[in-house]
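Data block below; observations after.
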Amino acid sequence: MRGIFFFLVLAMSTVLICGGALAAGQPPFTMNELARCLEDTPDFLEYMESQQGETGDYEDPSTMQQLAGHQAAAAWLQKHGWVPQRFSYVLGQMSKGYMALRLRQEGAMMDTQMQEAMKMPDMTPAMKAEMSRAMKELQEAREARGVHPSEMKLIEANLENILNMYESLE
């Protein structure tokens, strides 16, 4: 599970490393770019860990900021043939699409569990409001908003390779 958390942190941090609204003006990624991203991400992650030492809690926002603030990341990406903004875009889109597919697969069970939790008598109005917000966010994530249809097709077709990459990070 550590690898998945780190990968998600990595995806988010590369967005921060490489600048603001990356999707604006970026063409959909290609199969070649997806394959390169899958190949380069573990090495990039290993490099970032060597630069940062043990990165600690991957869910901690300060960890993301530390990774995002690492200027050597852009240099590493350029050395390996990437425009940093493009790597960030491909990695971010792949991550978003992958998570959307996972949420779709597990969605019905999660929805049922959340709806049952909402019926519990000890749920306060604040807890119910938070649960409703979380359910809405899950629905939005399942829709993979901002991921181009051609990118989703590539993600779906390469799901096993993406999963293998995730597992190699653990």
Side-chain angles (χ1 to χ4, degrees), residues 1-18 20-24 26 28-29 31 33-35 37-39 41-42 44-46 48-49 52 54-68 87-170:
M1 204 62 179
R2 175 180 176 230
I4 292 173
F5 284 128
F6 190 76
F7 184 79
L8 294 176
V9 168
L10 177 66
M12 296 299 288
S13 65
T14 53
V15 170
L16 296 172
I17 290 169
C18 301
L22 291 171
Q26 290 277 353
F29 63 74
M31 181 59 221
E33 289 174 312
L34 178 60
C37 186
L38 288 169
E39 182 178 327
T41 296
F44 178 67
L45 181 126
E46 184 177 314
M48 290 302 295
E49 283 188 341
Q52 292 293 118
E54 183 54 45
T55 54
D57 182 0
Y58 301 121
E59 295 182 275
D60 180 354
S62 67
T63 299
M64 279 199 329
Q65 291 171 348
Q66 289 170 6
L67 289 173
F87 178 82
S88 179
Y89 173 81
V90 175
L91 181 60
Q93 294 296 92
M94 180 181 66
S95 178
K96 191 187 305 183
Y98 173 78
M99 290 309 296
L101 290 173
R102 291 286 307 264
L103 288 170
R104 287 176 195 166
Q105 291 171 347
E106 300 170 10
M109 181 180 68
M110 291 171 61
D111 288 345
T112 300
Q113 290 172 343
M114 291 179 99
Q115 288 169 357
E116 291 299 315
M118 293 282 280
K119 296 175 186 175
M120 295 175 65
D122 57 344
M123 288 285 283
T124 66
M127 292 167 73
K128 287 182 180 183
E130 181 61 26
M131 184 76 75
S132 293
R133 186 191 61 74
M135 289 172 71
K136 183 179 178 187
E137 287 178 4
L138 280 171
Q139 180 58 38
E140 290 173 2
R142 282 185 205 133
E143 294 171 9
R145 291 186 183 164
V147 180
H148 193 275
S150 68
E151 294 172 336
M152 282 304 294
K153 286 181 183 177
L154 289 174
I155 292 166
E156 290 169 352
N158 290 278
L159 201 53
E160 186 174 330
N161 293 333
I162 295 168
L163 184 57
N164 289 339
M165 192 220 31
Y166 274 125
E167 290 174 354
S168 77
L169 301 177
E170 293 181 4

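With values rounded to the nearest 0.5 angstrom, Q93 atom CD is found 11.5 Å from E33 atom CD. In this structure, CD in E39 is found 15.0 Å from CZ in F44, a value given to the nearest 0.5 Å. Atom CG of L38 sits about 5.0 Å away from atom CE of M94, to the nearest 0.5 Å.
Sequence neighbours left out, the pairs with a member in residues 124-136 that pass salt bridge (Lys or Arg N to Asp or Glu O under 4.0 Å) are E130-R133, R133-E137.
For the side chain to side chain donor-acceptor pair (under 3.5 Å) test, residues two or more places apart in sequence or in another chain that qualify with S150 are H148. Scored by the side chain to side chain donor-acceptor pair (under 3.5 Å) test, Q113 finds no partners at all (sequence neighbours excluded). Listed by chain and residue number, nothing satisfies the salt bridge (Lys or Arg N to Asp or Glu O under 4.0 Å) test with E151 (two or more places apart in sequence, or in another chain).
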Going by atom type alone, with no hydrogens or angles, which donor-acceptor pairs under 3.5 Å involve a side-chain atom of residues 117-126 and a protein atom two or more places apart or on another chain?
{"from": "T124", "atom 1": "OG1", "to": "M127", "atom 2": "N", "distance (Å)": "3.0"}

Which pairs of donor and acceptor atoms, one on a side chain in residues 153-163, lie under 3.5 Å apart (sequence neighbours left out)?
{"from": "N158", "atom 1": "OD1", "to": "N161", "atom 2": "ND2", "distance (Å)": "3.3"}
{"from": "N158", "atom 1": "ND2", "to": "L154", "atom 2": "O", "distance (Å)": "2.8"}

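Taking the six-membered ring where tryptophan is involved, the planes of Y89 and F29 are perpendicular, since the angle between them exceeds 60° and thus also 30°.
Across all non-hydrogen atoms, the minimal contact from M165 to P42 is CG-CG, 3.8 Å.
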